[in-house]
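Step one of this worksheet: look at the structure below.
Keep in mind that this is a model prediction, so the values were computed, not measured.
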Amino acid sequence: MATDSPFKDGPYLSAAFLCEKVLEERDGVKSAIRIIDRVTHTVIAPSPPETMEPFDYDATLLIKLKSGWARGPLPLEVRLVKPSGESPPSLQQTVHFEGEEDRGVDVVVNMRIKFEMTGIYWIQVYLHDVCLTQIPLRVIYMPQVRQIRGPSGGPPPPAQGPPGDS
């Protein structure tokens, strides 16, 4: 299989996605819980704002890399690109490849993302300045009008004027 990747002999990207959390068992096996690719932000109010107000969202990024024939340390960078094209400072760390070609590195990044607008956010994964993949995450805003109810759960009582008005 021909490839134009600068990493034709490794390392290889095995998986990269966002989820709610990653569990790791005593034997090192990981489980990804609730894989996500969209976030729906619902606001229920008598008069919800027309445009989404910023909110924080916790997610976990799981990146699985396999060594192939790569050995030694390589810089890993994770960039968030907002729908506007802006990008806050990236997350950077060094990953180390060793051992057999089927060995690898799992990177688990707990993230708190501030969503300021709707649209597609891209999470870009770079290894040694080469983009390995981009993960889309769509943010949807759903304002819901809540009707005001009376004390019995029915419609609110009719508005009354000041005492003495007839």
Side-chain angles (χ1 to χ4, degrees), residues 3 5-45 48-144 146:
T3 179
S5 169
F7 300 122
K8 67 178 183 168
D9 293 325
Y12 304 111
L13 178 65
S14 178
F17 54 84
L18 285 168
C19 58
E20 188 175 289
K21 62 183 167 182
V22 173
L23 304 177
E24 184 170 357
E25 301 297 327
R26 280 188 232 155
D27 62 358
V29 174
K30 292 178 181 62
S31 297
I33 308 302
R34 295 180 47 91
I35 296 171
I36 56 175
D37 59 6
R38 62 179 42 211
V39 172
T40 302
H41 183 62
T42 303
V43 173
I44 302 171
E50 244 180 75
T51 58
M52 184 181 80
E53 295 179 0
F55 69 98
D56 291 332
Y57 187 82
D58 293 326
T60 301
L61 174 63
L62 176 61
I63 303 167
K64 295 181 68 64
L65 300 164
K66 296 297 180 187
S67 296
W69 294 104
R71 298 292 180 268
L74 287 173
L76 178 75
E77 181 179 6
V78 176
R79 298 178 192 165
L80 176 70
V81 180
K82 299 177 183 181
S84 65
E86 297 174 275
S87 189
S90 61
L91 303 170
Q92 299 178 6
Q93 75 176 68
T94 300
V95 291
H96 189 81
F97 296 97
E98 60 186 5
E100 300 294 318
E101 56 271 12
D102 64 336
R103 297 269 320 258
V105 177
D106 291 343
V107 179
V108 178
V109 181
N110 294 315
M111 306 172 76
R112 172 159 282 178
I113 306 169
K114 179 174 276 309
F115 293 126
E116 299 168 338
M117 63 192 77
T118 59
I120 298 178
Y121 288 72
W122 290 94
I123 296 160
Q124 300 174 331
V125 179
Y126 285 82
L127 187 64
H128 205 276
D129 295 324
V130 174
C131 186
L132 295 180
T133 192
Q134 297 186 92
I135 305 162
L137 178 63
R138 180 175 293 279
V139 175
I140 300 167
Y141 176 54
M142 297 287 293
Q144 304 287 320
R146 180 185 67 206

**Prompt:** Is there a side-chain contact between V22 and N110 (heavy atoms, below 4.5 Å)?
**Reply:** no

**Message:** Less than 4.5 Å apart, side chain to side chain, heavy atoms only: is that true for L61 and V108?
**Reply:** no

**V107 vs L62, side-chain contact (heavy atoms from CB on, under 4.5 Å): CA-CA, chis, key distance, verdict** = CA-CA 6 Å; V107 179; L62 176 61; over 6 Å; no

**Item:** Other residues, nucleotides, ligands: >12 heavy atoms within 6.0 Å of E50 CD
**Value:** no

**Prompt:** Where do Y12 and G68 come nearest, in terms of heavy atoms and distance?
**Reply:** CE1-CA, 3.6 Å

**Complete:** Quick note, side-chain hydrogen bond (donor to acceptor under 3.5 Å, both in side chains) partners involving residues 70-85, not counting sequence neighbours, are E77-R79, E77-S90, R79-Y126, K82-E116, S84-E86

**Prompt:** In this structure, are over 12 heavy atoms from other groups packed under 6.0 Å from Q134 atom CD?
**Reply:** yes

**Request:** Answer whether the closest heavy-atom distance between the side chains of F97 and L74 falls below 4.5 Å.
**Result:** yes

**Item:** Residue pair T51, Y141: steps toward the side-chain contact (heavy atoms from CB on, under 4.5 Å) verdict
**Value:** CA-CA 8 Å; T51 58; Y141 176 54; 5.7 Å; no

For residues 26-45, tabulate all N or O donor-acceptor pairs below 3.5 Å that involve a side-chain atom, not counting sequence neighbours.
unit_1: D27; atom_1: OD1; unit_2: V29; atom_2: N; d: 3.1
unit_1: K30; atom_1: NZ; unit_2: D106; atom_2: OD2; d: 3.2
unit_1: R34; atom_1: NE; unit_2: E20; atom_2: OE1; d: 2.8

**Message:** Tell me the closest heavy-atom pair linking A16 and T133, and the distance in Å.
**Reply:** CB-CG2, 3.9 Å

**Prompt:** In terms of heavy-atom contacts, does CE of M142 have more than 12 from other residues, nucleotides or ligands at under 6.0 Å?
**Reply:** no

**Item:** T118 side chain vs V139 backbone, donor-acceptor pair below 3.5 Å
**Value:** no

**Request:** Kindly give the heavy-atom pair with the smallest separation between S67 and E98, and that separation in Å.
**Result:** OG-O, 3.8 Å

**Request:** Grab the two heavy atoms, one from P11 and one from L127, that are nearest each other, plus how far apart they are.
**Result:** CG-CD2, 3.3 Å

**Prompt:** Side chains of F115 and D56: closer than 4.5 Å at any heavy-atom pair?
**Reply:** no

